[in-house]
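So the structure is just underneath, and the comments pick up after that.
In what follows, every chain begins at residue 1, and chains take the letters A, B, ... in the order their sequences are listed.
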There are 4 protein chains.
Amino acid sequence: MEMSEEIATTAGWREFGDDALSPPLRAALGVFARHGYHGASIRMIAEAAGLSVPGLYHHYRSKQAILAALVDTAMAEMLANTAAAADDAGDDPVTRFENVVECLARFHMARRDQAFVASTEMRSMEPEVRAHHVGQRDAQQEMIEDAIRAGVDSGDFACEFPEDAARAIASLCVSIANWYRPDGPLSADDVVCRHVEFARRLVGAAAR
Amino acid sequence: MEMSEEIATTAGWREFGDDALSPPLRAALGVFARHGYHGASIRMIAEAAGLSVPGLYHHYRSKQAILAALVDTAMAEMLANTAAAADDAGDDPVTRFENVVECLARFHMARRDQAFVASTEMRSMEPEVRAHHVGQRDAQQEMIEDAIRAGVDSGDFACEFPEDAARAIASLCVSIANWYRPDGPLSADDVVCRHVEFARRLVGAAAR
Amino acid sequence: MEMSEEIATTAGWREFGDDALSPPLRAALGVFARHGYHGASIRMIAEAAGLSVPGLYHHYRSKQAILAALVDTAMAEMLANTAAAADDAGDDPVTRFENVVECLARFHMARRDQAFVASTEMRSMEPEVRAHHVGQRDAQQEMIEDAIRAGVDSGDFACEFPEDAARAIASLCVSIANWYRPDGPLSADDVVCRHVEFARRLVGAAAR
Amino acid sequence: MEMSEEIATTAGWREFGDDALSPPLRAALGVFARHGYHGASIRMIAEAAGLSVPGLYHHYRSKQAILAALVDTAMAEMLANTAAAADDAGDDPVTRFENVVECLARFHMARRDQAFVASTEMRSMEPEVRAHHVGQRDAQQEMIEDAIRAGVDSGDFACEFPEDAARAIASLCVSIANWYRPDGPLSADDVVCRHVEFARRLVGAAAR
DNA sequence: GATGAATGAGCATTCATTCAT
DNA sequence: TATGAATGAATGCTCATTCAT
């Protein structure tokens, strides 16, 4: 079965291949991750991108536009893959929930810097950009909540406060981006495995 | 039994009263929380503190020194209170674990801005300051891990990876500072209650 | 008698028809008039002209060349028409003087922006361009002076300082470009009528 | 009779002594006059003032604030002196008119650069600054108009369009700042003398 | 302690201009 | 001809910090 590189299909949600970032965007990502939005200067970004300063401005209208493009790209990819992960599960609420958690965990490892910047720089976003980002965050939260509620409804989960559990699970996955290192002691599959188990416990799924 | 305001005694770990912040430090806290370290200027801080710029420098040697003082104060308080919470539990490993989690949760609500700044601005700390901070973070992590291991050893917890669970619990508590609002729908006790339950589930404590 | 559109003949000096400005020049004129030479950017001009930036450079070598072309075109037209106006008067010094003033007034209404830019941006001209422009200004001044002196010689004017009077009349006409609006309360003929009368009084012409 | 340096009294309106400009303002005045507002850079001004760039900003909030201060100071002085000149004339409308014109002419020589910048940089003023400036210009215009109308009412002047004559006189005086040089062939008294005579002719005053 | 005045270095952004395509 | 991409130098302005008073 064919799948395009960019758009996650039902089957492809586990793979986060090459980020499709333009060179300036990739350069900015590293600089933002290391120094923060306000600690990063346009000169740093231009240098990292191998461009002159006006060369960088030729591609992006402003520093804020770079942040916006970066964050939107990442969030859109996450939402698309998470939706695919949910779809891929068919009718079983438990599998659906596990898929969503796995996808979130994988995203926060594969797109570590993007996720970190997105979660860290909300306060650096101008109102319009922030509003868009918040919308995407809410959509993600809702997907988790829906998966939990489906499990509760089916009797598979024992979870009194689905909303709080969803937030806890999201926090857990987001925080992966803070500490996970590809060359660290845990493999990506280890991390996935443990976080799916954490999530199962948080929603009171029966032991497997 | 009386206790001093600042130092948590065995009994007082639940109360986070007035932060003992000097006015310039309190001003800086708000500015850092809203704008981030690099987004905050000395002028903003001085103005928020009702001081002239050199007046501010009279109290603190540099912007970095302000950040260091802010973060150290907060972490020290957290460690002291968590230690008191653990001591207060006597010999029961489950109670000890629950106390530690409760204390962490309460700290991240009562010292929301401090916790947020400390967790967010690690990359803005100069090496020495960062090293000190990392030491404090590790000490906190260890207290959680110890509490988990004690419960595992006593047979109260079913937890295969205590280190990962400790990190998960810490992440959960830290993230409270991101979303909790004193005037929000959940009371502090609600938040504590839910997070203790989340933590119990994460370590596989038997249902109460 | 037919006349070409561009070159004022003895009879046509009252009509300032379509300025023969190329589209980029016309665009630049508006931008220079609104923002001044230094406040205008090549990008503004290119956009106003519906051209790309290099497209604009295809037509004009530099921003300075645009200014030079604009100003020279306007001054040349003014000089040609003023000469025609003087010629058109035949031998009567009073009529000749009145024609010159009328022509100047009409020019500063019909070519408001050009006149404004020319008078305002002398300091923005590079030496060579400025020298050329100053030559044109002097030629204009001389035409007024000559007309005055002829009237003085014939006994029609009572004017002690023809040079100063000529400068005053020129200032008066130039300043029309600052305030005249085609849709304002005064018609072009009103303005002409009043300024011819002002000029007559300045040179001490006998009342008509 | 005593008079302060700054405030023109009834007797002192002919003297424009030391402009009371602060050093940065005086420096800015020269740079604005030579290069225009947009052609002048903050660095030029700072250098001319013998200050560093932030040193300049210590005194003035922005480039625009410098322009505003410069223009307001000049216009206020002009208005005060013109009012004093009118008052000084007692009840004679002709003298009052002559005094007003003389004062205007003297101002545009003594405050050549200020007047030039004020008249030239209207388009560089931000709306609020411009509105204030326009108010001052209108006040000046009105003083001339009032003087003319008084002379018309008394039968001393034969002037059909006082408003247009007032504008012409103002234009004439303003334009002095364009060409007058203290070391030129005409003394200040020469210039005053000629312009008062020009103004008298423009309003149709009887020959003296 | 506080303040007014100052500064070198840096900020995001834009400038006029060029050149390969 | 027109364009997309690029650039060195400059723009107005702010930074953290210092110091004489």
Side-chain angles (χ1 to χ4, degrees), chain A residues 22-24 28 35 37-47 49-67 124 126, chain B residues 23-24 28 35 37-46 49-67 126, chain C residues 24 35 37-46 49-67 126, chain D residues 22-24 28 35 37-47 49-67 124 126:
Chain A
S22 68
H35 300 276
Y37 181 78
H38 287 298
S41 84
I42 281 286
R43 278 163 184 78
M44 288 177 188
I45 298 171
E47 190 181 15
L51 247 42
S52 67
V53 167
L56 180 58
Y57 273 93
H58 180 76
H59 296 285
Y60 294 91
R61 224 173 61 268
S62 66
K63 194 183 173 186
Q64 181 73 202
I66 295 176
L67 177 63
S124 307
E126 288 166 12
Chain B
H35 300 278
Y37 180 77
H38 286 298
S41 83
I42 283 283
R43 264 163 185 79
M44 287 178 189
I45 299 171
L51 249 42
S52 68
V53 168
L56 181 59
Y57 273 93
H58 178 78
H59 297 288
Y60 293 92
R61 230 175 59 264
S62 67
K63 193 182 173 187
Q64 181 72 203
I66 296 176
L67 177 63
E126 287 166 12
Chain C
H35 301 277
Y37 181 77
H38 287 297
S41 83
I42 281 284
R43 264 163 186 77
M44 287 177 189
I45 298 171
L51 247 42
S52 68
V53 168
L56 181 59
Y57 273 93
H58 178 79
H59 296 287
Y60 293 92
R61 228 175 64 265
S62 66
K63 193 182 173 187
Q64 182 72 204
I66 295 175
L67 178 63
E126 289 167 11
Chain D
S22 67
H35 300 277
Y37 181 78
H38 287 297
S41 84
I42 282 286
R43 277 160 184 80
M44 288 177 188
I45 298 171
E47 191 180 16
L51 248 40
S52 67
V53 168
L56 181 59
Y57 274 94
H58 180 75
H59 296 285
Y60 294 91
R61 225 173 60 266
S62 66
K63 194 183 173 186
Q64 181 73 203
I66 295 176
L67 178 62
S124 307
E126 288 167 12

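- Nearest-nucleotide positions on DNA chain E place B/His59 closer to the 5' end than the other of B/His59 and A/Arg61.
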Reading DNA chain E 5' to 3', what string of ( ), [ ], | and . shows its pairs, if Watson-Crick and G-U wobble pairs count only when both distances fall under 3.5 Å? .||||||||||||||||||||
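- For the pair B/Met44/B/His35, a side-chain contact is recorded, criterion being any heavy-atom separation below 4.5 Å from C-beta on.
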Below 3.5 Å between N/O atoms, which protein atoms pair up with nucleotides 9-11 of chain E? Just atom names and distances, please.
unit_1 : atom_1 : unit_2  : atom_2 : d
E/dG10 : O6     : D/Arg43 : NH2    : 3.2

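- Listed by chain and number, the residues in a side chain to side chain contact (heavy atoms under 4.5 Å, CB included) with D/Ser22 are D/Pro24, D/Leu25, D/Tyr60 (sequence neighbours excluded).
- The nearest whole Å value for the distance from the CD1 atom in C/Ile66 to the C1' atom in E/dA16 is 11 Å.
- Contact between A/Leu56 and A/Ile42 at its shortest, heavy atoms only, is CD2-O, 3.9 Å.
- Minimum heavy-atom separation, C/Lys63 to C/His38: NZ-CA, 4.0 Å.
- The CG-P distance, from A/Leu51 to E/dT13, rounds to 16 Å in whole Å.
- Contact annotation for A/His58: base contact, defined as any heavy-atom pair under 4.0 Å involving a base atom.
- Among residues two or more places apart in sequence or in another chain, the side chain to side chain contact (heavy atoms under 4.5 Å, CB included) test is passed with A/Ser62 by A/Gln64, A/Ala65.
- Of all the heavy atoms in D/Pro23 and D/Ala49, the pair that sits closest is O-CB, 4.4 Å.
- Looking at residues two or more places apart in sequence or on another chain, you find no ring-ring contact (aromatic ring centres under 6.0 Å, His included) involving D/Tyr57.
- Nucleotides of DNA chain F lying under 4.0 Å from heavy atoms of chain D occupy a range whose first and last members, 5' to 3', are F/dT11 to F/dC15.
- Between E/dG1 and F/dT21, the distance separating the two C1' atoms is 13 Å to the nearest Å.
- Separating the CZ atom in D/Arg43 from the OG atom in D/Ser52 is a distance of 11.0 Å, to the nearest 0.5 Å.
- The heavy-atom pair separating A/Ile66 from A/Ala28 by the smallest distance is CG2-CB, 3.4 Å.
- Proximity of C/His58 to C/Leu51: side-chain heavy atoms (C-beta onward) are nowhere separated by under 4.5 Å.
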